[in-house]
J.: 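Could you have a look at this structure, given as structure tokens, before my questions?
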Amino acid sequence: MSETMTAAAPSVLRRLNLSNQRLEKLLHNLRNEHQAESELRAIALEVLQAVDIQPDIALASILLCQIAGSYAVRHCIETAIVTIIAARGLQLDAAQIQTLAAAALTMNVGMLRHNESFQHKQSSLSHEEIAVIRRHPEESVNLLKHAGIDDDEWISCVLLHHENDDGSGYPAGVASPKVTRNAKLLSLADRYCAQVSARNYRRSIVPDQALRNLQQDRQAPVDPELLQLFRLELGDYPPGTLVRLHNGELGVVSGRHDGSGGQPICCLRDADGSALTPPVQRSSSTADYAICAALSEDEAGLRFSMKQIWGEQASL
């Protein structure tokens with residue numbers, strides 16, 4: 001691809017993957033860093049700029065698992081994407097959003113070296129491993145301070161992102177009003193992404209079910225206003241969701257809004273299972289093309305590249 005074409009249609013996926021590579025290298029070496037704030041902020045800005053190019057592609061990259069690398073670091077990039085989009089809905093200023101994104105990118109650095117063993121563990125976690133998880137916000141903060149981060153909001157969000165309003169969270173059992181809105185926003189993005197993104201030991205959960213799970217969670221209740229914000233900004237069926245329509249067609253949601261009160265859907269198979277070539281564009285605002293159900297990858301059985309749906313901005 002020529003530099004002219006790249007400039008005309010910057011790739012969201014390429015930028016997110018480059019940010020992920022840069023973040024992975026830095027986080028794994030953070031214990032040896034003492035002035036890492038500027039580089040971490042620069043990576044947060046890269047992710048923010050990628051989201052701003054086309055938020056729908058950034059969201060789709062999460063559901064379609066298009067960010068390469070280890071799950072532990074990929075999850076932080078994905079959480080930053082969701083945090084940025086939700087923070088835009090709160091009309092936070094650019095500096096606040098960049099700090100929140102930086103907190104998302106670094107929230108789990110304190111247990112990064114343990115993640116690989118947790119991912120491949122077949123049995124239940126031991127008491128010692130549970131203790132590692134419950135300590136990781138404090139460990140992350142200690143590492144960040146050692147690496148030169150002294151921004152109070154950044155540190156606070158990382159420290160509090162597993163605390164709950166009712167005091168049932170960890171590491172300190174802090175309760176409302178000490179649990180800040182920004183920390184709760186980061187927590188919700190973290191929990192949402194943990195459900196909708198596939199891991200090597202389990203399939204992803206479809207987005208509308210993930211939102212219901214969060215709403216119904218009695219052990220770690222979520223802020224209802226922030227949950228409503230997620231419904232407004234992400235929707236029950238974010239871009240990248242595989243869906244069946246009422247007329248039986250199968251496709252992928254390609255945007256959050258289409259200007260007609262519905263969502264644009266790129267249909268790839270008809271009701272009989274035959275490929276639609278080329279894909280057919282539908283709007284969920286029409287009764288026949290309303291979304292009937294979100295589908296797992298196995299249920300949908302669709303094979304496509306993001307570039308096929310979103311064009312050059314979704315090229316790798």
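Treat the numbers as computed from the prediction; the structure is a model and nothing was measured. Hydrogens, waters and symmetry mates play no part in the numbers below; they use all other heavy atoms, side chains included.
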J.: Ignoring hydrogens and angles, tell me if any N or O in the side chain of Asp270 forms a donor-acceptor pair with the backbone of Leu276 under 3.5 Å.
T.: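 Absent.
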
J.: Could you check Leu245 against Cys267 for side chain to side chain contact (heavy atoms under 4.5 Å, CB included), going step by step and ending with a plain yes or no?
T.: CA-CA 9 Å; Leu245 306 188; Cys267 287; 3.4 Å; yes

J.: Identify whether the distance between the nearest side-chain nitrogen and carboxylate oxygen of Asp52 and Arg88 falls below 4.0 Å.
T.: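 Salt bridge between Asp52 and Arg88, a charged N being under 4.0 Å from a carboxylate O: yes.
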
J.: Taking the side chain as every heavy atom from C-beta outward, state whether Leu211 and Asp208 have any pair of such atoms under 4.5 Å apart.
T.: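 Not in contact.
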
J.: Is there a path from Leu59 to Leu232 through hydrophobic residues (I, L, V, M, F, W, Y) whose side chains come within less than 4.5 Å of each other?
T.: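 No, it is not one cluster - the side chains of Leu59 and Leu232 are not joined through contacts under 4.5 Å.
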
J.: Drop me the distance from Leu30's CG to Leu112's CG, to the nearest 0.5 angstrom.
T.: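 If I round to the nearest 0.5 Å, the distance is 9.5 Å.
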
J.: Is the closest side-chain heavy-atom distance between Asn17 and Ile67 below 4.5 Å?
T.: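 A side-chain contact exists here, since the closest heavy-atom pair is under 4.5 Å.
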
J.: Would you call Arg22-Glu46 a salt bridge at under 4.0 Å N-O?
T.: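 So Arg22 pairs with Glu46 through a salt bridge.
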
J.: Side chain of Glu128, backbone of Ser126: donor and acceptor closer than 3.5 Å?
T.: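 Judged by distance alone, no pair lies under 3.5 Å.
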
J.: Is there side-chain contact between Cys157 and Met107, with heavy atoms separated by less than 4.5 Å?
T.: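 No, side chains not in contact.
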
J.: I'd like to know if the side chain of Arg256 and the backbone of Glu233 have a donor-acceptor N/O pair within less than 3.5 Å.
T.: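 Yes, Arg256 side chain to Glu233 backbone: donor-acceptor pair under 3.5 Å.
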
J.: Heavy-atom distance under 4.5 Å between the side chains of Asp236 and Ile291, does that happen here?
T.: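 Contact flag for Asp236/Ile291 side chains = no.
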
J.: Drop me the distance from Leu229's CG to Asp223's CG, to the nearest 0.5 angstrom.
T.: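 Answer for the CG-CG pair, Leu229 versus Asp223, is 9.5 Å.
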
J.: Does any non-hydrogen side-chain atom of His136 lie less than 4.5 Å from one of His161?
T.: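 Yes - at least one pair of side-chain heavy atoms lies under 4.5 Å apart.
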
J.: Here's a test for you: under side chain to side chain contact (heavy atoms under 4.5 Å, CB included), which of Leu268, Leu63, Val252 qualifies with Leu242?
T.: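 That would be Val252; it is the only one of Leu268, Leu63, Val252 passing the side chain to side chain contact (heavy atoms under 4.5 Å, CB included) with Leu242.
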
J.: Tell me every residue that passes ring-ring contact (aromatic ring centres under 6.0 Å, His included) with His127, counting only those two or more places apart in sequence or in another chain.
T.: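 Testing His127 for ring-ring contact (aromatic ring centres under 6.0 Å, His included), a comparison that skips the adjacent residues, returns none.
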
J.: Using the six-membered ring wherever Trp is involved, compare the ring planes of His162 and Tyr170 and label them parallel, tilted or perpendicular (cut-offs 30° and 60°).
T.: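 Rings of His162 and Tyr170: parallel, under 30°.
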
J.: How about CZ on Arg191, more than 12 heavy atoms from neighbouring residues, nucleotides or ligands closer than 6.0 Å, or not?
T.: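 Enclosed.
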
J.: For Leu227 and Gln215, which heavy atoms make the closest approach, and how far apart are they?
T.: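 Heavy atoms only, the tightest pair is CD2-CB, 3.5 Å.
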
J.: Decide if atom CD of Glu297 counts as having more than 12 heavy atoms of other residues, nucleotides or ligands within a radius under 6.0 Å.
T.: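 Check fails, neighbour count at 12 or below.
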
J.: Where the side chain of Thr79 meets the backbone of Cys76, is there a donor-acceptor pair that is under 3.5 Å apart?
T.: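 No.
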
J.: With side chain to side chain contact (heavy atoms under 4.5 Å, CB included) as the test, pick out the partner of Val141 among Ile149, Val158, Leu160, Thr106.
T.: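 The single option meeting the side chain to side chain contact (heavy atoms under 4.5 Å, CB included) with Val141 is Val158.
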
J.: Under a 4.5 Å side-chain heavy-atom rule over Ile, Leu, Val, Met, Phe, Trp and Tyr, are Leu27 and Leu186 clustered together?
T.: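 Unlinked, Leu27 and Leu186 end up in two clusters.
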
J.: For Asp93, I'd like to know if atom CG has over 12 heavy atoms of other residues, nucleotides or ligands within 6.0 Å.
T.: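 Buried by this count: over 12 neighbours within 6.0 Å.
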
J.: Please answer whether the main-chain N or O of Leu13 pairs with a side-chain N or O of Gln66 as donor and acceptor at a distance below 3.5 Å.
T.: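 Judged by distance alone, no pair lies under 3.5 Å.
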
J.: So that I can tick it off, tell me whether Asp165 and Lys184 are bridged by a salt bridge, with the cut-off set at under 4.0 angstrom between side-chain N and carboxylate O.
T.: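 Here Lys184 pairs with Asp165 in a salt bridge, since their nearest N and O are under 4.0 Å apart.
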
J.: As a test of understanding, state which of Ile81, Val82, Thr83 forms a side chain to side chain contact (heavy atoms under 4.5 Å, CB included) with Cys193.
T.: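 Going through the options one by one, the only one that passes is Val82.
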
J.: Does the side chain of Glu138 come under 3.5 Å of the side chain of Asn142 through a donor N or O and an acceptor N or O?
T.: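 Their side chains do not contain a donor-acceptor pair, so the 3.5 Å distance test is not met.
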
J.: Less than 4.5 Å apart, any side-chain heavy atom of Leu234 and any of Tyr192?
T.: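 Side-chain contact under 4.5 Å: yes.
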
J.: Quick check: closest heavy atoms across Ser254 and Ile265, and the distance to 0.1 Å?
T.: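 Scanning both residues, the minimum pair turns out to be OG-N, 4.1 Å.
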
J.: Salt-bridge test for Arg269 and Glu249: reply yes if a basic N is under 4.0 Å from a carboxylate O, no otherwise.
T.: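 No.
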
J.: Does Asp166 offer a backbone N or O that forms a donor-acceptor pair with the side chain of Asn164 under 3.5 Å?
T.: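 Not at all, since once roles are kept as given, no pair shorter than 3.5 Å links the two residues.
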
J.: Do the non-hydrogen side-chain atoms of Trp154 and Leu40 ever get within less than 4.5 Å of each other?
T.: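 SC-SC contact between Trp154 and Leu40 confirmed.
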
J.: How about Val196 and Glu78: do any of their side-chain heavy atoms sit closer than 4.5 Å?
T.: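 No, too far: nothing below the 4.5 Å cut-off.
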
J.: Keeping the roles fixed (side chain from Ser285, backbone from Gly261), state whether a donor-acceptor pair exists under 3.5 Å.
T.: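 Pair absent, no side-chain N/O of Ser285 close to backbone of Gly261.
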
J.: For Ser260 and Asp258, which I'm curious about, is there any donor-acceptor pair between the side chains at under 3.5 Å?
T.: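 Checked: Ser260/Asp258 side chains pair up, N/O donor to acceptor below 3.5 Å.
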
J.: So does Gln216 have more than 12 non-hydrogen atoms from other groups sitting under 6.0 Å from CD?
T.: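 Counting neighbours around CD of Gln216, more than 12 heavy atoms of other residues, nucleotides or ligands fall under 6.0 Å, so yes.
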
